[in-house]
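So that the names make sense, note that chain A is the first sequence line, chain B the second, and so on, each numbered from 1.
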Number of protein chains: 2
Amino acid sequence: MSQLTIEDIARIAGVSRSTVSRVLNGQPNVRPSVRDRVQEVINSYGYAPQAAARQLVMRKTRLIGLILPDNAHHLFGNPIFAEIARGMSQVCAQRGYTPMLFIGRQDMDEATFFSLLRGRHFDGVLLISSDRQDRSAAMLREAGMPYVRVGHDPEDDQDLQYVDVDNVAAARVAVEHLIALGHRRIAMLKGLAKDVCTHARLEGYRQALAAAGIPFDEALVGDGDWTPASGYAWTRRFLDLPEPPTALFSSNDMMVAGVVRAVQERGLNVPDDLAIVGFDDLLQTTMIFPELTTIRQPCVEMGMRAAELLLDQLEHNRRERAQIILPTTLIIRESCGYRRRSAHLSPPAESATAALDDEQRAS
Amino acid sequence: MSQLTIEDIARIAGVSRSTVSRVLNGQPNVRPSVRDRVQEVINSYGYAPQAAARQLVMRKTRLIGLILPDNAHHLFGNPIFAEIARGMSQVCAQRGYTPMLFIGRQDMDEATFFSLLRGRHFDGVLLISSDRQDRSAAMLREAGMPYVRVGHDPEDDQDLQYVDVDNVAAARVAVEHLIALGHRRIAMLKGLAKDVCTHARLEGYRQALAAAGIPFDEALVGDGDWTPASGYAWTRRFLDLPEPPTALFSSNDMMVAGVVRAVQERGLNVPDDLAIVGFDDLLQTTMIFPELTTIRQPCVEMGMRAAELLLDQLEHNRRERAQIILPTTLIIRESCGYRRRSAHLSPPAESATAALDDEQRAS
DNA sequence: TTGTACGCGTTATCAG
DNA sequence: CTGATAACGCGTACAA
């Protein structure tokens with residue numbers, strides 16, 4: 001029952017296997033009555049063509065690989081990633097592809113990974129990575145596997161097609177918001193140095209300060225690692241400074257949990273003693289008290305755009321450069337001390353593209 | 001270059017393709033000098049056998065599918081799931097299998113999903129689901145696909161092999177802890193009704209109350225949905241009660257974020273005005289102030305055990321019942337008002353199995 | 001130790 | 001509209 005082949009179905013239905021194949025693939029040139037009979041047999045036996053055999057002759061799997069950096073298992077626990085994946089999945093399904101998240105990267109050596117790629121399990125790959133050290137992109141290229149990346153490294157521009165946000169501009173807007181509220185002593189929590197966006201967000205912070213004529217103070221920059229624990233540790237240090245900050249910009253929301261804890265532990269409060277802007281807009285942070293002002297990334301859309309790019313590449317052989325930068329949004333809540341409506345952040349002119357214009361119409 | 005077949009490699013190396021195949025699969029009976037020469041050609045051309053062709057003849061993919069309930073996209077954002085997956089991945093990799101997380105379930109109709117299963121993409125499936133309505137397990141059985149489940153439904157005992165924790169006992173221990181601290185008005189936050197563990201945890205709560213002679217009070221049970229928002233809403237109601245609770249047991253940690261917020265908003269504090277025990281031991285909750293007392297599940301290990309069960313089933317054709325219950329741990333921190341060492345929770349006698357004994361030795 | 005020939009289950013081509 | 005037949009790339013008895 002489980003070993004049925006197309007041949008068996010053909011015999012049972014009293015036709016040739018060519019006809020069954022035609023029914024299976026919705027091809028024309030099958031008499032309706034025959035089609036129905038064959039379909040009935042297929043259904044009643046729960047037959048489905050064996051993928052491997054089909055792939056062998058079709059030279060296509062209609063499977064899309066989703067890949068994360070090898071050291072990024074924590075990403076699974078990151079809602080941002082889940083959102084991006086959701087966007088990808090939606091587009092893939094709509095166009096008849098099946099996305100598969102490749103999950104064993106960190107338990108596998110490079111050679112094995114490379115073989116997996118060359119084994120043509122996937123027609124193409126969606127790579128989610130802002131990790132500078134990650135070799136995934138290089139291996140994908142080496143393996144001749146079509147891919148589109150979410151995230152990119154401006155200093156290593158080998159990815160032909162990617163989707164990202166303008167982290168510099170996003171961070172700048174966040175810090176400008178604090179400056180507009182009158183803050184001058186503004187601390188910044190960085191992420192891990194290996195991640196490209198860490199440097200971009202720091203740059204945005206510097207730009208905002210510079211534009212306002214506020215001197216950059218090394219003592220106000222904390223070397224975070226994306227976790228709440230690092231937010232906690234650095235905030236304690238900041239608060240111990242002779243001239244402590246009155247505001248803080250965190251490179252992600254998760255660290256803010258630690259920041260808030262450190263502030264409360266001192267008997268201080270947010271936003272009066274420390275105004276905070278985060279980055280990511282995680283669902284959970286809605287519940288931080290007070291609600292967090294933060295930067296929202298268009299995650300679902302990044303995933304959708306990346307998938308569209310990839311599938312276009314696969315189906316129409318588009319291989320031209322396509323580097324899409326999507327706009328972020330500053331979500332203003334309570335952690336900076338007042339409320340107003342959300343403000344859209346437009347990406348800077350130099351990164352504007354045709355694709356981007358589409359984007360703005362859509363949003 | 002990308003289209004090289006085993007035949008090409010053979011020609012280049014000046015041998016037959018049988019010999020290349022032998023080298024590829026590490027078989028004996030190849031002269032070392034020949035083996036080296038062939039290997040060199042393979043490496044220099046970056047050749048790897050095409051998975052589909054190999055699968056067709058081997059009748060095995062060495063791919064393991066990881067599947068979540070169709071409505072559980074939010075699980076990606078759940079660190080618990082990430083841990084379970086990590087355990088699975090580790091074991092799979094170690095035994096030469098590649099785990100693939102099937103990610104597009106909610107964008108796919110049942111028929112398509114069924115075809116995917118029958119297409120024999122995977123040798124077996126690891127299903128992570130405590131969802132009562134989820135049809136995955138039934139479809140897996142219908143498709144004749146070997147699977148092992150993490151989580152189970154005691155009222156629908158059709159899963160031959162599963163790994164789970166004793167949610168009743170775990171919840172009971174959590175509530176007993178509160179009772180031991182002198183609390184009599186203990187609120188409980190439930191999860192979604194569709195999840196089996198929701199009912200089990202409620203049952204544990206009832207048992208602990210009953211054992212202490214505390215009457216069950218419907219008004220103290222909140223219908224949560226696992227999110228912080230529901231924790232927030234219910235806690236406000238609890239605090240408005242004529243006789244508000246002095247302690248609260250939450251079915252997961254995520255909801256606690258909302259609970260803490262509601263408490264602080266009233267100018268009250270944890271643990272003096274409300275003692276809290278959570279469930280899951282998420283990394284993030286370490287940063288809740290004060291640190292959360294909670295129940296830890298052995299996630300990585302659940303994943304490992306499930307993977308072992310599945311691979312044994314595939315390789316040794318083991319199809320006997322194997323229902324493994326792993327012990328949980330009460331992690332005592334600050335949210336109940338005092339500190340002491342962690343206490344192990346042994347599973348109840350009726351669920352003890354040989355496998356379980358292994359477990360206890362291991363821990 | 002190495003090479004030859006066949007089959008795995010499917011789709012595509014071409015003849016009827 | 002339908003049915004033979006030839007690939008697809010690889011593993012493996014079996015022959016050399």
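At whole-Å resolution of the value, NE2 in A:His121 and P in D:dG9 are 16 Å apart. Here the C1' atom of nucleotide D:dC10 and the CD1 atom of B:Ile9 are 13 Å apart, to the nearest Å. Between the CD1 atom of A:Ile6 and the C1' atom of D:dG3 there is a distance of 13 Å, given to the nearest Å. Atom CG in B:Leu24 sits about 12 Å away from atom C1' in D:dG9, given to the nearest Å. A:Arg22 places its CZ atom 8 Å from the P atom of D:dG3, with the value rounded to the nearest Å. Taking atom CD on A:Gln27 and atom P on D:dT2, their separation rounds to 13 Å, with Å as the unit. Note: CG (B:Asp8) to C1' (D:dC8) measures 13 Å, nearest angstrom. As rounded to whole Å, 14 Å separates atom P of D:dA7 from atom CD of B:Glu7.
Not one side-chain nitrogen or oxygen of B:Thr5 sits closer than 4.0 Å to the OP1 or OP2 atom of D:dG9. Between D:dT2 and A:Ser18, no contact under 4.0 Å exists linking OP1 or OP2 to a side-chain N or O.
Using a cutoff of 4.0 Å between basic side-chain nitrogens and carboxylate oxygens, A:Arg86 and A:Glu83 are scored as salt-bridged. A salt bridge links B:Arg141 with B:Asp159: the distance from a Lys NZ or Arg NE/NH1/NH2 to an Asp or Glu carboxylate oxygen falls below 4.0 Å. Ion pairing of A:Asp123 with A:Lys60 is absent here, as no side-chain N (NZ or NE/NH1/NH2) approaches a carboxylate O to less than 4.0 Å.
One can find a donor-acceptor pair under 3.5 Å joining the base of D:dG11 and the side-chain atoms of B:Arg17.
Although no hydrogens or angles enter the test, the distance criterion places a donor-acceptor pair under 3.5 Å between the side chain of A:Thr61 and the main chain of A:His121. Between the side chain of A:Asp8 and the backbone N or O of A:Thr5, at least one donor-acceptor pair lies under 3.5 Å.
Base contact: B:Val57 has a heavy atom under 4.0 Å from a base atom.
A:Glu40 CD: 12 or fewer foreign heavy atoms inside a 6.0 Å radius.
Screening B:Arg305, B:Gln313, B:His152 against B:Gln161 for a side chain to side chain donor-acceptor pair (under 3.5 Å) leaves a single residue, B:Gln313.
For DNA chain C, the span of nucleotides reached by chain B at under 4.0 Å from its heavy atoms goes, 5' to 3', from C:dT1 to C:dG9.
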